[in-house]
Number of protein chains: 4
Amino acid sequence: MIRAERKEREFNARRAEILEKAEKIFAAKSFHDVKMAEIANASGFSIGSLYQFFTGKEDLYTTMVSEKLDFIFSEIRKSTETAKGLIDMLETLIDAHLQFVENNSDFLLLFIKGEKVTLSESMTELHQRLTDSYQKHITFIENLLKGGMETGLLRNLPLRDMAESLFYLIRMASVRWMLMPTKESPRSKKGFILDIFLNGVKNHDK
Amino acid sequence: MIRAERKEREFNARRAEILEKAEKIFAAKSFHDVKMAEIANASGFSIGSLYQFFTGKEDLYTTMVSEKLDFIFSEIRKSTETAKGLIDMLETLIDAHLQFVENNSDFLLLFIKGEKVTLSESMTELHQRLTDSYQKHITFIENLLKGGMETGLLRNLPLRDMAESLFYLIRMASVRWMLMPTKESPRSKKGFILDIFLNGVKNHDK
Amino acid sequence: MIRAERKEREFNARRAEILEKAEKIFAAKSFHDVKMAEIANASGFSIGSLYQFFTGKEDLYTTMVSEKLDFIFSEIRKSTETAKGLIDMLETLIDAHLQFVENNSDFLLLFIKGEKVTLSESMTELHQRLTDSYQKHITFIENLLKGGMETGLLRNLPLRDMAESLFYLIRMASVRWMLMPTKESPRSKKGFILDIFLNGVKNHDK
Amino acid sequence: MIRAERKEREFNARRAEILEKAEKIFAAKSFHDVKMAEIANASGFSIGSLYQFFTGKEDLYTTMVSEKLDFIFSEIRKSTETAKGLIDMLETLIDAHLQFVENNSDFLLLFIKGEKVTLSESMTELHQRLTDSYQKHITFIENLLKGGMETGLLRNLPLRDMAESLFYLIRMASVRWMLMPTKESPRSKKGFILDIFLNGVKNHDK
DNA sequence: AATGAATGAGTATTCATTCAT
DNA sequence: TATGAATGAATACTCATTCAT
């Protein structure tokens, strides 16, 4: 039935709107300093309506965090689709990642500055969801690197260690920029990261 | 006056005792789930007495966190004193770091799992203290690497980037082990880290 | 117009259906634990429709309680219609009352266990309606007893005191059974009640 | 230690003071209409202090109700101590009961008018405590009557039935007076109750 | 007539901190 | 100095009722 479809679309649109406003608010204060009334007000809904979309404040928070992180990771991965060749792909991956950092530093600071709370039971679930997002991303990088290993470009090192090493080198640049933002974009570190990583893992004998 | 000295010694001993018990408690629960009464009880002091040593709960928490982290970093640095040569020093540094991770995972999980809170005003101060600890450590690593650069062993790359890269590679192994502890010590990753880092930064032309 | 009649019949049938389901629900939980949505669901109506039959939750509750109590009292009285003679009538009255207790204990426990609430304004109205039901019933018993007094069988005692005494002796057996239900029917107390009441009020000189 | 004793005395005095004020307040409104802040205010304590004496609102309410009822029943029983002979004792018992009704009608209306709430879990406990108080009282009456049965004054009827019959006859007069207070004291019904009860249960053959 | 999504007022309870003893 | 009883501010969530469709 078309009417049910429209309802669902509207429901999702409203839900997204709340999530969007909530992101801004949670980015600015700690969990405990954010009031439900504030989110309700900012998103143009009544307090009661918030509870039609989320089971409570913790659910609203954890949903926002995990969906947003999922989105960012998946966009980063999507960016590599047009690249040709391993090195080009890695370069694109690093660049896209740093660009998202630059554009979403308010949100990502939630993770860096520890502006999270232990959300009793929800925390376990959130932690699991974040870990899943991360693992999915690491696996994607592993698959990129696997190609390079097969062609002999890369040394025969543990895939996961390599993939996480790249991720943490990107993280280094991300965190530095987020904590000490400079006029220069974090993307300027792309070259260094690619250089040190490739030299670190490539086959120098060839 | 000798009496004043003894008093100060006793004061410091009691303060340290509180901090030690607090560490265990904060490691097990979130900041908001820890009650002052619990810390008072565990450390054998009255609630009121806690306020003779710390100005409040946040002060107690931030003091504990920053002093402990300071201690760990400084112990790691101290471990390199007996090593000879850059590579030996780096190897020792990595090994000592991973060993501290292995022995203090409860405490360090406070940082990894985001089980921190935004402590309104204190947060700024804590964040500053943690950043200072970190910078001091990074500077120490920079100085190690500077030697290698001067001898031509290492390429002419930005010192800070190199130092932080090493730190983040160690962090990669630390976090992985803390979130998914295995029987195998995190120290088993020492070789990989040293390998990829040195290959990444060394002068291959020589 | 016949159509208006049918409409009214249907209206009353629906209303009765809601009342019937509500009785079961209110019998199982306290007023505040019963949700309008639950009643709507159980009776197959939408929430909004409930408000076509009752002005609100309190009205629904008070209507249910008073109509049901009215019905029970009137059925008890009706049962005496076929009895001949005072003693037979009293015996029938007691028996019918205890039988209704046995068959409606869930509902009647609302009164006994105090599982009622003070319904702000409605309470006054409900209380009045319940009192009216009770007074009507007591008056009926008074009229039975008046006959016995006129024939000299009963002593010349205040009618109301006598009537209420009988009612409270029945209540004693009712409450005991409802709070501590036994396999034995509460009707087994009929003999005792009749005995003690008649001995209490009859004319022993005759 | 004398200091501990004084502390306990003071604790109990404060607790009693809260209970006393709470009784007046709960007598005037329904459970849900009474605010903790109101009780705190009326008793001269801070809100937080209330929670040092009681675990919560329900505990405060149930404690007040059950302790007060216990007190009233035990005072009624105590009044019979000076009476000589069964009939004198029963007369004293009835009189004392009705006098307490007259003096505590606000409190006792809590039971009559159903101004109670279903206090989730606490309700079960409260109900049990009230039942225990009641049973204790009925047992006391049974023991009085047992003497009369042994001397042959009373007929050989079930003790519990007799005892509860007397209690419900007193209740009849109590409820009537509480719902329709007259200038005349409920104690004026003492004669009628004693008359009808004794005639009902005594041995007329003797 | 029927629906059910949206509303928003209202309150018990916790716990860091204080300060009289 | 040490104690721990007293304080009181601060907020998520529920659900009866309404009214646009």
Side-chain angles (χ1 to χ4, degrees), chain A residues 3 6-7 10-11 14 31-41 44-61, chain B residues 7 10-11 14 31-41 44-61 119-120, chain C residues 7 10-11 14 31-41 44-61 119-120, chain D residues 3 6-7 10-11 14 31-41 44-61:
Chain A
R3 194 168 137 194
R6 204 205 54 214
K7 277 202 155 188
E10 282 183 3
F11 180 90
R14 287 172 225 242
F31 181 80
H32 288 293
D33 286 334
V34 172
K35 318 294 172 217
M36 287 302 267
E38 191 178 359
I39 298 174
N41 206 53
F45 289 87
S46 69
I47 293 182
S49 294
L50 258 38
Y51 289 83
Q52 289 184 329
F53 297 95
F54 308 95
T55 62
K57 190 183 175 187
E58 294 197 351
D59 182 43
L60 174 45
Y61 176 77
Chain B
K7 278 207 155 185
E10 281 183 3
F11 180 90
R14 286 173 217 234
F31 181 79
H32 288 293
D33 286 335
V34 172
K35 319 291 173 219
M36 287 301 269
E38 189 177 1
I39 297 174
N41 205 53
F45 290 88
S46 70
I47 293 179
S49 295
L50 259 38
Y51 288 82
Q52 291 184 327
F53 299 95
F54 307 95
T55 63
K57 190 184 177 187
E58 296 198 350
D59 181 42
L60 174 44
Y61 176 78
L119 303 168
S120 48
Chain C
K7 279 208 156 186
E10 281 183 3
F11 180 91
R14 287 173 218 234
F31 181 80
H32 288 292
D33 286 333
V34 172
K35 319 292 174 219
M36 287 301 268
E38 190 178 1
I39 298 175
N41 206 54
F45 290 89
S46 70
I47 293 180
S49 295
L50 259 38
Y51 288 81
Q52 292 183 326
F53 299 95
F54 307 96
T55 63
K57 191 184 177 187
E58 295 198 351
D59 180 42
L60 174 46
Y61 177 77
L119 302 168
S120 48
Chain D
R3 196 168 135 193
R6 203 205 54 213
K7 277 203 156 186
E10 282 183 2
F11 180 91
R14 287 172 224 242
F31 181 80
H32 288 291
D33 287 335
V34 172
K35 318 294 173 217
M36 288 301 268
E38 189 178 3
I39 298 175
N41 206 53
F45 290 87
S46 69
I47 293 181
S49 294
L50 259 38
Y51 289 83
Q52 289 183 327
F53 297 95
F54 307 96
T55 61
K57 191 183 175 187
E58 294 198 351
D59 181 43
L60 174 46
Y61 176 77

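In what follows, every heavy atom counts, from backbone to side chain, and hydrogens, waters and symmetry copies are set aside. Proteins come first, then strands; the chains are lettered A, B, ... in the order of their sequence lines, and each starts at number 1.
When all heavy atoms are compared, the tightest approach of C:H32 to C:K35 is O-NZ, 3.3 Å. The two atoms that bring C:A40 and C:S46 nearest to each other are CB-C, 3.9 Å, heavy atoms only. The two residues A:K57 and A:F31 come nearest to each other via the heavy atoms NZ-O, 2.9 Å.
Residue contacts for B:K7: at a heavy-atom cut-off of 4.0 Å it reaches the sugar-phosphate backbone alone, with no base atom in range. Among the heavy atoms of the strands lying under 4.0 Å from C:Y51 is at least one base atom, whether or not backbone atoms are also near.
Counting to the nearest Å, the P atom of F:dT14 and the NZ atom of C:K57 are 15 Å from each other. Separating the NE2 atom of B:H32 from the P atom of F:dT11 is a distance of 12 Å, rounded to the nearest angstrom. In this structure, A:N41 atom CG and E:dT7 atom C1' are separated by 14 Å, rounded to whole Å. One interatomic measurement links the two molecules: CZ of A:F45 to C1' of E:dA5, which rounds to 11 Å at whole-angstrom precision. Atom CD1 in A:I39 sits roughly 11 Å away from atom C1' in F:dA12 (whole-Å rounding). When rounded to the nearest whole Å, the span between CG of C:D33 and C1' of F:dT14 equals 12 Å. For the pair C:M36 CE and E:dA5 P, the computed distance is 16 Å after rounding to whole Å. Taking atom CG of residue B:D59 and atom C1' of nucleotide E:dA16, one finds them 13 Å apart after rounding to whole Å.
A ring-centre distance under 6.0 Å is not found for C:F54 and C:Y61.
Nearer the 5' end of DNA chain F, as judged by each residue's closest nucleotide, is the contact made by D:G48, out of D:G48 and C:G56. Nucleotides of DNA chain E nearest to C:I47 and B:K35 differ in position, and the one nearer the 5' end is that of C:I47. A residue-by-residue look at B:A37 and C:G44 shows that C:G44 has its nearest nucleotide of DNA chain E further toward the 5' end. Looking at which nucleotide of DNA chain F each of D:F53 and A:S49 is closest to, the 5′-most match is held by D:F53.
For F:dA2, one of the phosphate oxygens OP1 or OP2 lies less than 4.0 angstrom from a side-chain nitrogen or oxygen of B:Q52. Distances shorter than 4.0 Å separate none of the side-chain N or O atoms of C:S46 from OP1 or OP2 on E:dG4. Between C:R14 and E:dA1 there is no side-chain N or O to OP1 or OP2 distance below 4.0 Å.
Under the Watson-Crick or G-U wobble criterion, with both distances below 3.5 Å, F:dT21 is paired with E:dA2.
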Next item on the list: For the pair B:M36 and B:L60, evaluate side chain to side chain contact (heavy atoms under 4.5 Å, CB included) and give the outcome as yes or no after the intermediate values.
Entry: CA-CA 10 Å; B:M36 287 301 269; B:L60 174 44; 4.3 Å; yes
